[in-house]
Structure formats: structure tokens, C-alpha cells
Amino acid sequence: MLSGTTSASADVLLMVAVVVTTAVLAALLVGLRRLLEARWALPALPDEDQPPAGLGRLVPVGRQVDDEYRRGLAALESWLLQNRRSAT
């Protein structure tokens with residue numbers, strides 16, 4: 001009675017083909033991205049700028065910490081003086 005495939009089975013086969021194609025394409029894109037990231041990695045920092053073990057590059061170290069501390073103190077002192085003048 002039924003000859004060939006029905007439209008439901010054809011739809012299922014099409015859906016499976018789309019899902020498999022999408023999965024393969026996603027895997028290829030992830031692999032390509034990892035390859036490109038490995039190829040154009042950031043250069044190594046000089047020894048004096050190396051962060052302590054376990055910390056990332058965005059954490060200030062050495063002289064950067066001292067500079068940030070001094071700038072912070074100067075900004076805090078300026079803010080305190082401005083607030084004292086406006087309160088009186």
C-alpha cells in the first residue's frame with residue numbers, strides 16, 4: 001500500500017540532516033577559533049611585569065601597585081578637602 005517514504009519520515013530525515021550539519025559546522029567553527037587564538041596569542045610579559053603565580057595579567061604588580069596607591073591617596077585627600085570646605 002505505501003510505496004516509498006512518507007512525508008513524515010522525509011521530514012524527520014531532513015531534520016536529522018539539519019541537526020547533524022549544524023553540529024558539524026559548530027565543531028568546525030570552535031576548532032578554527034581555538035586554532036586562531038593559539039596562533040595569535042598575546043606576547044609574554046617582561047620578567048618585572050609578570051604577575052604572581054595564579055593571577056592574571058590585569059592584576060597590577062610591583063610598581064603599578066605603588067602608583068595606584070599614591071593616586072588613590074591623593075584622590076581621597078582631595079575629596080576629603082572638598083567635602084570639608086563645602087560643609088563649613
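To the nearest 0.5 Å, the span separating CG on Asn83 from OG on Ser78 amounts to 9.5 Å. If you take CD on Glu77 and CD on Gln82, they are separated by 11.5 Å, rounding to the nearest 0.5 Å. Atom CG of Leu80 is separated from atom CG of Leu76 by 4.5 Å, given to the nearest 0.5 angstrom.
The other members of the hydrophobic cluster of Val12, by chain and number, are Val16, Val20, Val24, Leu28 (side-chain heavy atoms under 4.5 Å, ILVMFWY only).
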Q | Verdict with reasoning, Arg70 to Asp67, per side-chain contact (heavy atoms from CB on, under 4.5 Å) | A | CA-CA 5 Å; Arg70 287 188 183 99; Asp67 292 341; 4.2 Å; yes
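Among residue pairs with one or both ends in residues 15-34, those qualifying as salt bridge (Lys or Arg N to Asp or Glu O under 4.0 Å) are Arg33-Glu37; sequence neighbours excluded.
Checked by atom type and distance alone, the side chain of Thr22 pairs as donor or acceptor with a backbone atom of Val18 at under 3.5 Å.
Val65 places none of its side-chain heavy atoms less than 4.5 Å from the side chain of Glu68.
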